[in-house]
There are 2 protein chains.
Amino acid sequence: MAEQISELLRKNQLSVTDNRKKILELFLQSDSALAHHDIEARTKEKFDRVTVYRTLQTFMDRGIIHTIPTADNSVKYALCKDSCEQGHHHDDHVHFICSSCGTTTCLEEIHIPEIKLPRGYKTKQTEVVISGVCKLCS
Amino acid sequence: MAEQISELLRKNQLSVTDNRKKILELFLQSDSALAHHDIEARTKEKFDRVTVYRTLQTFMDRGIIHTIPTADNSVKYALCKDSCEQGHHHDDHVHFICSSCGTTTCLEEIHIPEIKLPRGYKTKQTEVVISGVCKLCS
DNA sequence: ATATATTATGCAACTTTGTTGCAATTTTAG
DNA sequence: CTAAAATTGCAACAAAGTTGCATAATATAT
Ligand SMILES: [Mn+2]
Ligand SMILES: [Mn+2]
Ligand SMILES: [Zn+2]
Ligand SMILES: [Zn+2]
């Protein structure tokens with residue numbers, strides 16, 4: 001996996017640093033989305049808080065991760081698919097938040113439907129976030 | 001309008017206070033959703049920051065307002081329709097965020113489609129947030 | 001209308017979250 | 001290996017959100 005991670009960083013024209021490798025590793029190991037807080041907690045002995053902020057921002061810019069909006073002021077992050085590139089994300093999948101275990105997951109296989117808006121509105125991106133009870137909790 | 005506002009508070013078993021009246025007035029006057037920050041800015045000479053937090057929480061609890069999730073850690077609030085009640089919101093409409101003027105609006109007339117999830121997942125609520133260019137900006 | 005009980009508010013003190021500039025360190029490229 | 005470029009940690013802030021408690025406002029019952 002170490003090589004896979006360095007590869008991904010180089011592919012995105014980023015210096016390969018301990019911090020970036022560690023954060024990418026966290027994302028690759030996790031099957032659910034991570035909040036800034038989660039990442040900070042799992043790396044705080046090694047890396048500064050500010051570095052985590054900057055790394056997440058950098059990964060966003062390069063299209064390595066995407067955000068998942070939530071209704072409680074706690075943005076989550078998850079890995080993008082290969083098709084995402086600088087500034088242009090193509091994560092057209094639904095996100096699910098389990099109200100029982102709290103995890104947020106990308107449902108890659110569930111595509112976002114097209115929604116027709118009133119005259120004059122132009123759609124750039126559509127986000128669908130479904131809350132309920134997940135597979136494991138039900 | 002003053003009477004309409006007091007009425008709404010009483011209907012929800014809330015004391016009629018200056019603070020609550022003022023915040024409800026802001027929502028009724030605005031045709032777009034408001035962030036906590038917006039409300040604080042428009043009331044800060046009169047009311048304490050903490051009171052605004054508590055009032056928004058109370059209005060949420062009673063089903064007077066609902067939140068609109070965004071991908072940038074800035075939850076917005078908007079008035080609910082009459083059908084919403086304590087703990088049970090029925091705002092099954094799409095939300096729109098204009099990337100030009102920044103406003104967030106409820107598209108009451110656009111209903112949220114049903115999305116079929118994989119086996120085992122149970123849907124409680126579906127949120128759809130579309131970003132793009134609004135009617136006025138295009 | 002007045003007194004009493006209930007609820008809401010403001011304030012202070014605090015915690016958490018996010019930002020910026022800059023010097024020191026690490027990484028990359030030659 | 002060296003020099004240039006980029007990343008990091010630190011300090012110092014700023015902004016956002018929380019909690020306990022005394023005071024003030026509102027509602028309820030005489
Ligand atoms: Mn996703
Ligand atoms: Mn709405
Ligand atoms: Zn779950
Ligand atoms: Zn607009």
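Labels below follow one simple rule: chain letters A, B, ... track the order of the sequence lines, proteins then strands, and each chain is numbered from 1.
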**OP:** Return the value, rounded to whole Å, for the distance between atom CD of B/Gln57 and atom C1' of C/dT7.
**Re:** 17 Å
Original post:
Are B/Val94 and B/Ile65 co-members of a hydrophobic cluster defined by side-chain heavy atoms under 4.5 Å apart?
Top reply: no
Original post:
Between atom NZ in A/Lys21 and atom C1' in D/dT7, what is the gap in whole Å?
Top reply: 14 Å
Original post:
Are A/His66 and A/Tyr77 close enough that their ring centers fall under 6.0 Å?
Top reply: no
Original post:
Any link between A/Ile23 and A/Val50 through a network of hydrophobic side chains (Ile, Leu, Val, Met, Phe, Trp, Tyr) touching at under 4.5 Å?
Top reply: no
**OP:** Using whole Å, report how far CG of B/Asp61 lies from P of C/dT7.
**Re:** 15 Å
**OP:** Mind calculating the distance between CG (B/Leu9) and P (C/dT7) to the nearest angstrom?
**Re:** 16 Å
**OP:** Keeping the roles fixed (side chain from A/Thr51, backbone from A/Phe47), state whether a donor-acceptor pair exists under 3.5 Å.
**Re:** no
**OP:** Would you confirm whether A/Ser15, through its side chain, and A/Thr17, through its main-chain N or O, come within 3.5 Å as a donor-acceptor pair?
**Re:** no
Anything under 3.5 Å between a protein N or O and an N or O of nucleotides 13-20 of chain C, put it in a table, one pair a line.
residue	atom	partner	partner atom	Å
C/dG18	OP1	B/Asn73	ND2	2.6
C/dG18	OP2	A/Tyr53	OH	2.8
C/dG18	O5'	A/Tyr53	OH	3.4
C/dG18	N7	A/Arg49	NH1	2.8
C/dG18	N7	A/Arg49	NH2	3.4
C/dG18	O6	A/Arg49	NH2	3.0

**OP:** Go through the side-chain N and O atoms of A/Asn19 and A/Thr55 and say whether any donor and acceptor fall under 3.5 Å apart.
**Re:** yes
Original post:
Going 5' to 3' along nucleotides 22-30 of chain D, which nucleotides have protein heavy atoms under 4.0 Å from the base (write B), which only from the sugar-phosphate (write S), and which from neither (write -)?
Top reply: ----SS---
Original post:
Could you give the CG-to-P distance, from B/Asn19 to C/dC11, as a whole number of Å?
Top reply: 13 Å
Subject >> Within 6.0 Å of CD in A/Gln29, more than 12 heavy atoms from elsewhere >> reply: yes
**OP:** Would you tell me whether B/Thr70 and B/Lys76 have side-chain atoms, one donor and one acceptor, within less than 3.5 Å of each other?
**Re:** no
Original post:
How many Å lie between CD1 on B/Ile39 and P on D/dA16, as a whole number?
Top reply: 13 Å
Original post:
Taking CD from A/Gln13 and P from C/dA29, how many angstroms apart are they, rounded to a whole number?
Top reply: 10 Å
**OP:** Using whole Å, report how far NZ of B/Lys44 lies from P of D/dA16.
**Re:** 10 Å
Subject >> Partner of A/Glu40 by side-chain hydrogen bond (donor to acceptor under 3.5 Å, both in side chains), out of A/Arg42, A/Lys44, A/His36 >> reply: A/His36
